[in-house]
Amino acid sequence: MDAVLHFLIPAALVLGTVAFMEWFAAWSHEHIMHGWGWGWHRSHHEPHDEALEQNDLYAVVFGVFATGLFVVGAFVWPVWWIAVGMSVYGVLYFVMHDGLVHQRWPFKHVPRRGYLKRVYQAHRLHHAVEGREGCVSFGFVYAEPVDQLVKKLHDNKQGLDAQALKNDDQAQSG
Ligand SMILES: [Zn+2]
Ligand SMILES: [Zn+2]
């Protein structure tokens, strides 16, 4: 019983929260950030030279919320592990999206095989459409197979930058 309380339940809370956060992040990316929340998110879809984007405020909002959960969690222990799960998701989001895809860290590494390559290319496809309409691939940690996303993009009939992926391949081999 002790093992269940002290390990299995926390582990289930953390993993469950990470999975829920990926679903919630993808949902809010599609329906809020590309909807009424586009005002902050637009900065992430437009080229710029600044280190920070208005879009980073979304990460701040999630951070403040997780901090609040830690405070509540100091009194209600299951909430503490939910806060840990949110924080783990925050790190995953940063590594996959800000790091791997957008290279906001001081080294360049483009994944060339396996699942990380799929996540990378899927998010490049998210940025292959100009503006907020007709985009695909709203998740950050889970990505659909790339060929399915390409098909969806064509179905959306948006002005697709067909060179987007090719250019990336050339950039990394050059
Ligand atoms: Zn977006
Ligand atoms: Zn992005």
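The structure displayed is predicted, hence computed values, not measured ones. By convention here, the first residue in the shown sequence is residue 1. Just follow the structure's listing: the first ligand is 1, and inside any ligand the first atom is 1.
Atoms NE2 and CH2, from H41 and W36 in turn, are 13.0 Å apart once rounded to the nearest 0.5 Å. Here the OH atom belonging to Y142 is positioned 9.5 Å from the CD atom belonging to E22, to the nearest 0.5 angstrom.
Here the closest heavy-atom approach between residue Y89 and residue A25 is recorded as OH-CB, 3.4 Å. Across V101 and R124, no two heavy atoms sit closer than the pair O-NH1, 3.5 Å.
Of the possible donor and acceptor atoms, none in the side chain of S137 sits under 3.5 Å from a partner among the backbone N and O of H126.
In this structure, H44 has its ring center no closer than 6.0 Å to that of Y58.
Take the N/O/S atoms of H97: the one nearest the Zn ion (ligand 2) is NE2. Of all N/O/S atoms in H102, NE2 sits nearest the Zn ion (ligand 2).
A salt bridge is defined here as a Lys NZ or Arg NE, NH1 or NH2 lying under 4.0 Å from an Asp or Glu carboxylate O, and D155 with K151 meets this definition.
By the criterion of a separation under 2.8 Å, the protein N/O/S atoms near the Zn ion (ligand 1) amount to H29 NE2, H34 NE2, H41 NE2, H45 NE2, H126 NE2.
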